[in-house]
Amino acid sequence: MMLCPQIVIALILYYSVDWIKADLITIGTVWMFIQYIHLAIQPLIMISEQIRELQRAFGAADRIFEILDTEPEVKDSDDPVTNLEFNDKIEFKNVSFQYEPDKPVLKNLSISIEKGSTVAIVGATGSGKTTIISLLSRFYDPDEGSITIDAIDLKDIKQSSLRSKMSLVLQDIFLFPGNIMDNLRVLRKDISEDKVIEATKKMGIYNYLKGFPKGFDMELSEDGANLSFGERQLLSFSRALTFDPEILVMDEATSSIDPYTEAEIQRSMSKLLKGRTSIIIAHRLSTIEHADKIIVLDHGELIEQGTHHELMKMKNLYANLYWTQTGIE
Ligand SMILES: Nc1ncnc2c1ncn2[C@@H]1O[C@H](COP(=O)(O)OP(=O)(O)O)[C@@H](O)[C@H]1O
Ligand SMILES: [Mg+2]
């Protein structure tokens, strides 16, 4: 399109030379012709630019539909349990799992999580802690063994029913452009503002959020880029509590909060965890000392489990980790 007018002008100049010499036309006519060519071509160039935009949009739409059309690997069974009641315990029985062939991530893992208890999972990076959470949330199904809630296999529970019981606070926090209030209730208008505010008060960060410019109406940018990492984590805590879940899962959620804020969160959390079933993964062992049960993993295998005191007495992996971290013997 850009080349067209250049070629046409070249042709006009080429032919007009003889005509001007022969006094058939004047230079003014040639000049006028060139101007008209420009005028005629301009809209065509604009149209071609619009077509380019359109093509890009189609390309993007293709990708969006690709995602929308993706069939989830995990599907609800034909007649799933829709109103799951959780009264007893979650049980992993001989669970084995691998993401890729011949790279087992969890090996014959058996653990139980009683309702109302706080269970901590400890282990080196890559030992399979997050994988346990992914299996419990049924993002994947175990290759062997079973996971049950009150003796009902996860595969027989409707996924939406299962997930409505759980809140996940993860390492990566998902925030979207919008104000803080909508971010906390994830745009669910059926959750009242009062409920959100109550959750932040319980969490002890109400005044802190109020102190932001515009408070709860403060607009967040994509991914919460206008907040510090610690602030984003505080928001994700409050979000989890806004949903008042029966099962609270925290995956290294306190790893980037400064020690002072962490101490404060620790205080409000112990109040919150009371009576709630919670699974906590934390690198800093000081944050999980009071858990009812600590599960120690190594390369996807259960090495030991018990309370902090029991594990310290065993003088095994956990005790070693604790000594390394705290320097207390
Ligand atoms: N989506 C995935 N695809 C393939 N391998 C994965 C995936 N997620 C985790 N892994 C692998 O599984 C192992 C356990 O990971 P993970 O459960 O995230 O460990 P942790 O949370 O204890 O650090 C690691 O070796 C990791 O590389
Ligand atoms: Mg992890």
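Computation of the quantities below employed the complete heavy-atom set of this structure, encompassing side-chain atoms and omitting hydrogens, waters and symmetry-equivalent molecules. Both ligands and their constituent atoms are indexed starting at 1 by order of listing.
Not a single donor-acceptor pair under 3.5 Å links the side chain of Arg276 to the backbone N or O of Glu246.
Residue contacts with ligand 1, taken as heavy atom pairs separated by less than 4.0 Å, do not involve Ser134 at all. Looking at Tyr140 against ligand 1, only its side chain comes within 4.0 Å, counting heavy atoms. The residue Lys103 has no part lying near ligand 1, judged by heavy-atom distances below 4.0 Å. Counting heavy atoms under 4.0 Å from ligand 1, residue Thr130 touches it through both backbone and side chain.
Within the coordination shell of the Mg ion (ligand 2), defined by N, O or S atoms under 2.8 Å, Thr131 is absent.
At a 3.5 angstrom cut-off on N or O pairs, Thr125 does not count as close to ligand 1. Considering both main-chain and side-chain atoms, Gly126 comes within under 3.5 Å of ligand 1 through a nitrogen or oxygen pair.
Heavy-atom distances between Gly123 and ligand 1 stay at or above 4.0 Å for every pair. By the 4.0 Å heavy-atom criterion, Gly300 is excluded from the residues contacting ligand 1.
Each of the atoms 4 (C) of ligand 1 lies under 4.0 Å from some heavy atom of Glu100. Taking a cut-off of under 4.0 Å to the non-hydrogen atoms of Thr131, the atoms of ligand 1 that pass are 14 (C), 15 (O), 16 (P), 17 (O). Near Ala124, the atoms of ligand 1 lying under 4.0 angstrom from a non-hydrogen atom of the residue are 22 (O).
When the heavy-atom distances from atom 1 (N) of ligand 1 to Phe139, Phe97, Tyr99 are ranked, the shortest goes to Tyr99.
Donor-acceptor pairing under 3.5 Å is lacking for the side chains of Ser127 and Asp298. Side-chain contact check for Thr200 and Tyr208: no donor-acceptor pair (N or O, by modelled atom type) lies under 3.5 Å.
Heavy atoms only, all atoms of each residue included: Met312 and Trp323 are closest at CE-NE1, 3.5 Å.
Taking the charged nitrogens against the carboxylate oxygens, Asp153 and Lys155 have no contact shorter than 4.0 Å, which rules out a salt bridge. Using a 4.0 Å cut-off between charged side-chain N and carboxylate O, Asp88 and Lys115 make no salt bridge.
Other residues sharing the hydrophobic cluster of Ile64, ordered by chain and number and joined by side-chain separations under 4.5 Å: Phe65, Leu68.
The cationic atom of Lys210 (NZ for Lys, CZ for Arg) does not lie both less than 6.0 Å from the six-membered ring centre of Phe216 and within 45° of the ring axis.
A perpendicular orientation is assigned to the rings of Phe97 and Tyr99, their planes being inclined by more than 60° (bins at 30° and 60°).
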